[in-house]
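Numbering of residues begins at 1 and proceeds along the displayed sequence. Each ligand, and each atom within it, is numbered from 1 in the order the structure gives. Side-chain atoms are counted along with the backbone in the values below, which use heavy atoms only and exclude waters and symmetry mates.
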Amino acid sequence: MPSQQKDLYLPRPAEIREVIAENSQIKTFVLSFVDRQYHDKFSYAPGQFLMVSIPHCGEAPISVSSTPANGGTIHLSVRRAGKLTEAMHDMKKGDVVGLRGPYGRPFPMTDLAGRDLLFVAGGIGLAPLRSVINTCLAAGHGRRITILYGSRTPSDIAFQADLATWGQTANVSCLLTVDRAEPGWEGDVGLVTALLAQCCLAPRESKALLCGPPMMIRAVLAELAGRGFADEDIITTMERHMKCGVGICRHCHMDDKLVCKDGPVFTLEELKRLNVLELRG
Ligand SMILES: Cc1cc2nc3c(=O)[nH]c(=O)nc-3n(C[C@H](O)[C@H](O)[C@H](O)COP(=O)(O)OP(=O)(O)OC[C@H]3O[C@@H](n4cnc5c(N)ncnc54)[C@H](O)[C@@H]3O)c2cc1C
């Protein structure tokens with residue numbers, strides 16, 4: 001096997017520099033590669049993911065939630081789901097995980113310039129969008145940015161520091177909703193789609209970026225189509241269980257496309273050409 005192909009599967013040790021508890025189920029791990037030279041050359045784009053591994057716990061794809069423009073450390077925001085993510089949640093500063101990547105087609109960042117941007121996220125879905133939002137802000141995106149974020153309960157609201165910063169940024173409006181209120185919550189209660197009614201959107205001048213559970217994506221897609229967003233202006237991410245992450249095992253196929261290589265970012269126009277169960281009503 002040529003050495004380049006062997007490297008494709010080679011996890012590189014990365015040290016946890018900091019662990020940020022976003023809520024009871026999500027932690028953000030701040031990492032850097034142990035090999036300083038490799039770390040300094042490492043680059044990625046918003047929407048790409050890394051395959052994270054821990055010996056005896058397996059490997060899983062996790063989106064990068066940090067911003068390439070800021071350089072420095074790599075952020076991975078991880079929700080407890082199974083063996084690997086549970087093991088990761090038990091890790092602390094100084095522990096080491098394996099990382100390979102970055103993989104996948106990123107968000108089309110150049111197409112976002114000069115457009116109003118609508119971000120709609122549910123739960124951990126804000127992780128990859130956080131990378132896009134902070135990249136746009138770092139680049140001085142001058143148009144309107146609207147962020148709609150839904151959580152199960154107020155205690156489940158993740159990325160609170162980012163939400164507070166975005167809420168105070170001049171051209172950004174940030175609206176939150178929860179499925180179930182808790183004592184002291186005076187904000188919206190209900191689906192994230194209800195927040196769309198509070199937004200002043202110019203669909204022909206906008207791009208919408210979505211990430212969240214399939215039910216949320218389906219509801220938001222229907223709402224955006226009703227408001228006149230063109231299919232090519234709606235961009236979402238797709239999740240499939242994957243093994244190799246590099247288009248070889250075909251575990252993550254969607255019709256003739258592979259989520260790891262052709263995605264995970266797709267426009268609605270692209271998805272409509274595929275037989276994608278999540279998009280059916
Ligand atoms: C491109 C991409 C980006 C992602 N980014 C993030 C992120 O930023 N943060 C994050 O927290 N998660 C992210 N995920 C999801 C994450 O990869 C999964 O939750 C992963 O399965 C966790 O691994 P685990 O070993 O902890 O759990 P697993 O052991 O994989 O179990 C997780 C759940 O999946 C089920 N499951 C396991 N294997 C299969 C299978 N073959 N078919 C169907 N169901 C199965 C289990 O029963 C369980 O309910 C992303 C996924 C993709 C595809």
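- Contact analysis leaves G58 out of contact with ligand 1, as no non-hydrogen atom separation drops below 4.0 angstrom.
- Any N or O atom pair closer than 3.5 Å counts here, and F49 shares no such pair with ligand 1.
- The backbone N or O of R143 lies less than 3.5 Å from a partner atom in the side chain of N171, making a donor-acceptor pair.
- Of the possible polar contacts, none joining the K207 side chain to the A113 backbone as a donor-acceptor pair under 3.5 Å is found.
- V259 does not count as a contact of ligand 1, since none of its heavy atoms falls under 4.0 Å from the ligand.
- Under 4.0 angstrom from ligand 1, the non-hydrogen atoms of H241 all belong to its side chain.
- If you check the side chains of R130 and H75, you find a donor sitting under 3.5 Å from an acceptor.
- Shown here, atom 10 (C) of ligand 1 is in close reach of the protein: a heavy atom of it lies under 4.0 Å off.
- Considering only non-hydrogen protein atoms, atom 19 (O) of ligand 1 sits nearest to A81 CB, 3.6 Å.
- Taking atom 25 (O) of ligand 1 as the reference point, the nearest protein heavy-atom neighbour is L84 N, 3.1 Å.
- When hydrogens are left out, the protein atom nearest atom 29 (O) of ligand 1 is K83 N, 3.8 Å; that is the closest non-hydrogen contact.
- Side-chain contact between F42 and I74 is present, with at least one heavy-atom pair separated by less than 4.5 Å.
- In terms of protein heavy-atom proximity, atom 8 (O) of ligand 1 is closest to S63 N, 3.1 Å.
- With a 4.0 Å heavy-atom cut-off, ligand 1 is reached by the backbone of S77 but not by any atom from C-beta on.
- Near A60, the atoms of ligand 1 lying under 4.0 angstrom from a non-hydrogen atom of the residue are 17 (O), 20 (C), 22 (C), 23 (O).
- The backbone N or O of F159 sits less than 3.5 Å from a side-chain atom of E22, completing a donor-acceptor pair.
- Under a 4.0 Å N-O distance rule, the pair R105/E270 qualifies as a salt bridge.
- Nearest protein heavy-atom neighbour of atom 26 (O) of ligand 1: T85 OG1, 2.5 Å.
- In I62, the parts holding a heavy atom less than 4.0 Å from any atom of ligand 1 are both the side chain and the backbone.
- Contacts with ligand 1 closer than 4.0 Å are made by backbone heavy atoms (N, CA, C, O) of R240 only, the side chain lying farther away.
- Close approach of ligand 1 to V78 is summarised as follows: ligand atoms under 4.0 Å from at least one heavy atom of the residue are 11 (O).
- At least one N or O atom of G82 sits closer than 3.5 Å to an N or O atom of ligand 1.
- Judged by distance alone, with hydrogens and angles left aside, the side-chain atoms of D262 form no donor-acceptor pair with the main-chain N or O of V259 at under 3.5 Å.
- Close contacts of ligand 1 with R79, meaning ligand atoms under 4.0 Å from a residue heavy atom, involve 10 (C), 11 (O).
- Using a 4.5 Å heavy-atom threshold, the side chains of S206 and D233 count as separate.
- Proximity of a side-chain donor or acceptor of S63 to a complementary backbone N or O of F49 within less than 3.5 Å is not detected.
- Per-atom contact check: atom 47 (O) of ligand 1 does not touch the protein, criterion being a heavy-atom distance below 4.0 Å.
- Between the side chains of S131 and Y44, no donor-acceptor pair of N or O atoms lies under 3.5 Å.
- Those atoms of ligand 1 with a heavy atom of M242 less than 4.0 angstrom away are 53 (C).
- For atom 52 (C) of ligand 1, the protein comes within 4.0 Å by at least one heavy atom.
- Of the possible polar contacts, one joining the R144 side chain to the C200 backbone as a donor-acceptor pair under 3.5 Å is found.
- Between V265 and P106, the closest side-chain pair of non-hydrogen atoms is not below 4.5 Å.
- The pair R100-E59 meets the salt-bridge criterion, with a side-chain N (NZ, NE, NH1 or NH2) lying under 4.0 Å from an Asp/Glu carboxylate O.
- Nearest non-hydrogen protein atom to atom 17 (O) of ligand 1 is P61 O, 2.7 Å.
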